Each structure stands twice: as C-alpha cells, then as structure tokens.
Asker: 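One structure follows; several queries about it will come next.
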Number of protein chains: 2
Amino acid sequence: MTTRSQTPAPRARVRPPPDAATPAEARTRLNEWIAERGLKATRQRDLIVDTFFGATGHLSVDELLSKVQERDENIGAATVYRTMKILADSGLASPRHFEDGQTRYEAAIGRHHHDHLICTSCHAIIEFENERIEELQDLVARQHGFLVTRHKLELYGLCKACQARQPKR
Amino acid sequence: MTTRSQTPAPRARVRPPPDAATPAEARTRLNEWIAERGLKATRQRDLIVDTFFGATGHLSVDELLSKVQERDENIGAATVYRTMKILADSGLASPRHFEDGQTRYEAAIGRHHHDHLICTSCHAIIEFENERIEELQDLVARQHGFLVTRHKLELYGLCKACQARQPKR
DNA sequence: GGGCCGGTGAAATTGATTCTCAAATTCAAC
DNA sequence: GTTGAATTTGAGAATCAATTTCACCGGCCC
Ligand SMILES: [Mn+2]
Ligand SMILES: [Mn+2]
Ligand SMILES: [Zn+2]
Ligand SMILES: [Zn+2]
C-alpha cells in the first residue's frame, strides 16, 4: 500500500538513495546481532525476517503473520511480535505508530530517515525527506533547551487520486 | 504536567495569544452545540466539562475520571469517554495520541494550532508554534499533489531539567 | 400516567499486545 | 554424535484502553 515518492526533482537532494536490503542480507545481519548477545538463531526467526524483507511497505504484525503463515502455518503470533521487537532493537526495522491503533514496521536497512504523508481515504503512505524542516525542528528544540532524540511528523489528508475521486466541493 | 512555551521572543510572532476558556463558557458552548442536534444537557456532562476546563494540560480520560469522581463518585467511565468524544466532535477539545497508548485531551477553545515537545524522562509537554514549519509542510504536500487536513509533529527527547539530572556523557 | 427517547453506569466485550508455561530447539562443550 | 543448560516456541490466558450492551432513569408530550 506504500507509494514511493516520485516528484519531478523539486530541488536536487544531496544524499544518494542507499540500496535496499535483500532478505538474505537482513537474515545475516540479524543473526550476527543475535550471536553477539548470546541469543539463538532459529528457523522461525529466519522465516519471519525473510518474509518481512521480501515484502515492501509498512506492515502490521497481523499482515506479516498472514504472509508468514502462508509459508509455515504453525508460526504463532507471539513469535512474530517477538521477532519484530528484536528487529527494532537491532535497528534493522523501524516501528511506526500511525493512527490506526496497530504497530507497523518498515525495513530500515540502507534507508534515510523520512516522514510520511498518509491518505485517510485509501490509506496510501507517501514518504518524504525535507532537510529544512528537520533543521527548523532542531532550532525550535534548542530555543526550549530541549534535546531531541527522535521525532514524528505525519501529514494526514487526501492523496491526488482520492481528491479526484471525492465530491470536489 | 504541561509547561507553556516561554522563549525570550525568538522572532516576533504575529497572532495574538487568544483567551483561554472559562469552565462556564465551555459549558455554555457545549450546551448550545448539544441543543442544535437534539441531544440533552445533563448534570453529568456539565460536571465533566466543568472539571475538564477547570484543569490544564493534556489529560487522559483516566486522570479526568479521577478528578470528576472527586466531585461525584457515581460518574461512570463510559460517560466520561462519551462526553469527551462529544467535546472533540464539537471542536471544544482536541484529542491527542502521544506514545503512551492513551488518548489525551486538551482544551481547544481560543487556542491556536500548536505542536509538542515531549520529555521521555519526566513526561513534561512543551507546546510550540512555528509558522515556517507549517509552510514547509504545505509545500511538501503540494509537491506530492496531496491535500493535508491535519498533521502531527512531535519532538521526543529530554527537557532542560532532565538533561541536567541525567548522566552527562 | 403512559409512551417516547436519549442518557447513565455496571458489566461484558473488543482488539492489539504481552505474559505464562510446558514442550521443543539450539549450541557449546564433551 | 551426545549432553545439558539456556533459550525459544506456540497456545492460551492476561492486560489494558476503549467500546458496546443493556436494564433502568428522567424529562417531555399528548
Ligand atoms: Mn516509511
Ligand atoms: Mn498541547
Ligand atoms: Zn488516497
Ligand atoms: Zn523532563
């Protein structure tokens, strides 16, 4: 359901778009992280990670569970919850809390920080980066003596397609 | 727990800070709104509204329920949930979803739109307005053909006091 | 003086997520 | 290969905010 940004170059951005991760690379990286702290590699975790990085977008645990169970119907929901938490702790996936009451995860390997435009009609999610906004956020925080560690910027509204579809008034 | 912004005038803002609502004014406004659609004014609703607008900050329903029950122990949680939903529908209060899994409400009468700095240590909430950021958000949305109806900008980190208190490294 | 209608509050339900616990699995050391 | 301590798994129970249900209440209008 995620749509990738594709504006006609609004103003040349500097940082190059890094490469997305392959499922195999993600599995390797997770297993390194797991080994470092005496945890264990398991078939279930590999399957879940493989499925997650083989998909795109902002997946809810339930959506991911469905996909995982297509490959092995015996995987339990608790295991998917646990595995996604490990992926988040290791920095390989980012949890997102949009306003539908479910935690969604997106791949974080080789990706820049970005924020989201969310269509309240078709639930499309458009990603964007804006360095100026980030700078202004830092400025505001500094003016309040605040040290920011993370932020959330979400713009809710109607995507182009849904505006056309909607009663135009 | 909310702290009001008090920077030494970072750059003269234009809009004057509007007046906050008194509990009595809020009760009146809600009862007008209620009458317009054939609903009923009740003692419970008046009490809840009075308590809510007599308090400050970003109250969870549970916190509000406690305050309300100090005045009338027989008020039920369902009634507070229902009343706050009405206040939100009527535009007199704004629901906020920070990252602690509870809906919080703040008074919206005679207040500008604003965003929040949230201390992850002491849970203080600092409010700010930044016109430049709002403009850039609109610009980003326009570049994607998106029509924004509402947004959320939250900066999480450590407030000044908590930075001092924290291991400084 | 009995319906009509929304409102109330206790209790039950929902839905996402976490917890519990017995059984299964991993893996480093024999 | 085998062992055994530690970890993981999956089903179901527990949690927790929020919503729904439902029997009862209180004005209001014939
Ligand atoms: Mn994203
Ligand atoms: Mn606020
Ligand atoms: Zn849309
Ligand atoms: Zn603090």
Side-chain angles (χ1 to χ4, degrees), chain A residues 27 30-52 58-90 93 95-105, chain B residues 27 30-52 58-90 93-105 123:
Chain A
R27 279 202 313 273
L30 180 64
N31 285 333
E32 284 168 12
W33 191 89
I34 270 179
E36 278 169 20
R37 44 214 91 206
L39 304 181
K40 291 175 177 172
T42 69
R43 184 182 54 76
Q44 289 89 335
R45 286 174 179 172
D46 276 351
L47 177 56
I48 292 165
V49 172
D50 199 66
T51 305
F52 176 70
H58 304 77
L59 286 181
S60 70
V61 173
D62 220 53
E63 288 164 356
L64 179 56
L65 177 63
S66 296
K67 286 180 193 290
V68 165
Q69 288 184 334
E70 285 171 20
R71 301 224 242 160
D72 178 348
E73 63 191 320
N74 294 318
I75 304 281
T79 302
V80 177
Y81 275 104
R82 288 186 282 235
T83 302
M84 293 317 291
K85 188 151 298 182
I86 292 176
L87 279 182
D89 288 347
S90 67
R96 297 286 186 177
H97 300 272
F98 301 135
E99 300 208 331
D100 66 349
Q102 271 167 95
T103 302
R104 293 176 177 278
Y105 288 91
Chain B
R27 281 202 312 275
L30 180 64
N31 285 332
E32 283 167 13
W33 191 89
I34 270 179
E36 279 169 20
R37 44 216 91 206
L39 304 181
K40 291 177 180 170
T42 68
R43 185 182 54 78
Q44 289 87 338
R45 285 175 179 172
D46 275 350
L47 177 57
I48 292 166
V49 172
D50 199 66
T51 304
F52 176 69
H58 304 77
L59 286 181
S60 70
V61 173
D62 224 50
E63 288 163 355
L64 179 57
L65 176 62
S66 296
K67 285 179 193 290
V68 166
Q69 288 183 335
E70 285 172 19
R71 300 225 240 160
D72 179 347
E73 62 190 322
N74 295 315
I75 304 281
T79 302
V80 176
Y81 276 106
R82 286 187 285 234
T83 302
M84 293 317 292
K85 189 151 298 178
I86 292 176
L87 278 182
D89 289 347
S90 67
S94 306
R96 298 284 188 179
H97 301 273
F98 301 134
E99 300 208 332
D100 66 348
Q102 271 168 92
T103 302
R104 293 176 177 278
Y105 289 91
H123 305 107

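In what follows, chains are A, B, ... by sequence order, proteins preceding strands, each numbered from 1. Quantities reported herein were computed from a predicted structural model and do not represent experimental measurements.
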Asker: In whole Å, what is the span from the CZ atom of A/Arg45 to the C1' atom of C/dC27?
Answerer: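 To the nearest whole Å, that distance equals 14 Å.
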
Asker: Has A/Thr79 got a side-chain N or O lying under 4.0 Å from the OP1 or OP2 atom of D/dG10?
Answerer: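 For D/dG10, OP1/OP2 do have a side-chain N/O of A/Thr79 under 4.0 Å.
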
Asker: Could you state the atom-to-atom distance from CD1 of A/Ile48 to C1' of D/dT8 in whole Å?
Answerer: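 Value for this atom pair: 11 Å.
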
Asker: Taking only N and O in the side chain of B/Thr42, is any of them less than 4.0 Å away from OP1 or OP2 of C/dG6?
Answerer: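 No, B/Thr42 has no side-chain N/O under 4.0 Å of OP1/OP2 on C/dG6.
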
Asker: Starting at CE of A/Met84 and ending at P of C/dT18, how long is that distance when rounded to a whole Å?
Answerer: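 Going from A/Met84 (CE) to C/dT18 (P), I get 12 Å.
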
Asker: Using atom CZ of B/Arg43 as one end and atom C1' of C/dG7 as the other, report the distance to the nearest whole Å.
Answerer: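 Those two atoms, CZ and C1', are 11 Å apart.
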
Asker: Under the side chain to side chain contact (heavy atoms under 4.5 Å, CB included) rule, collect the residues that match up with B/Lys40, sequence neighbours excluded.
Answerer: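 Listed in chain order: nothing, the list is empty.
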
Asker: Who passes side-chain hydrogen bond (donor to acceptor under 3.5 Å, both in side chains) against A/Arg45, sequence neighbours left out?
Answerer: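 Residues passing side-chain hydrogen bond (donor to acceptor under 3.5 Å, both in side chains) with A/Arg45: none at all.
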
Asker: Got a list of side-chain donor-acceptor pairs under 3.5 Å for residues 70-77 of chain B, not counting sequence neighbours?
Answerer:
residue : atom : partner : partner atom : Å
B/Arg71 : NE   : B/Thr51 : OG1          : 3.4
B/Arg71 : NH1  : B/Asp50 : OD2          : 3.3
B/Arg71 : NH2  : B/Asp50 : OD2          : 2.7
B/Arg71 : NH2  : B/Thr51 : OG1          : 3.2
B/Asp72 : OD1  : B/Asn74 : N            : 2.8
B/Asp72 : OD2  : B/Arg43 : NH1          : 2.8

Asker: How long is the line joining CG of B/Leu47 and P of C/dG7, in whole Å?
Answerer: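 To the nearest whole Å, that distance equals 17 Å.
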
Asker: Just the rounded figure in Å: distance from P of C/dA16 to CD of A/Glu99.
Answerer: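 The distance from CD of A/Glu99 to P of C/dA16 comes to 16 Å, rounded to the nearest Å.
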
Asker: Could you check how far OH of A/Tyr105 sits from P of C/dT17, rounded to whole Å?
Answerer: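 Distance check: A/Tyr105 OH to C/dT17 P gives 8 Å.
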
Asker: Which residues pass the salt bridge (charged side-chain N to carboxylate O under 4.0 Å, His left out) test with B/Glu32, not counting sequence neighbours?
Answerer: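 B/Glu32: no salt bridge (charged side-chain N to carboxylate O under 4.0 Å, His left out) contacts found.
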
Asker: Mind checking what makes side-chain hydrogen bond (donor to acceptor under 3.5 Å, both in side chains) contact with A/Asp46, not counting sequence neighbours?
Answerer: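 For A/Asp46, the residues satisfying side-chain hydrogen bond (donor to acceptor under 3.5 Å, both in side chains) (neighbours in sequence not counted) are A/Asn31.
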
Asker: Please check if the side chain of A/Gln69 supplies one atom and the backbone of A/Ser66 the other of a donor-acceptor pair under 3.5 Å.
Answerer: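 Answer holds: no.
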
Asker: C/dA10 C1' sits how many Å from B/Gln69 CD, rounded?
Answerer: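 Rounded to the whole Å, the gap is 12 Å.
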
Asker: Between protein and nucleotides 18-28 of chain D, map the contacts as a letter string: B base, S sugar-phosphate only, - none, heavy atoms under 4.0 Å, written 5' to 3'.
Answerer: BBBB----B--

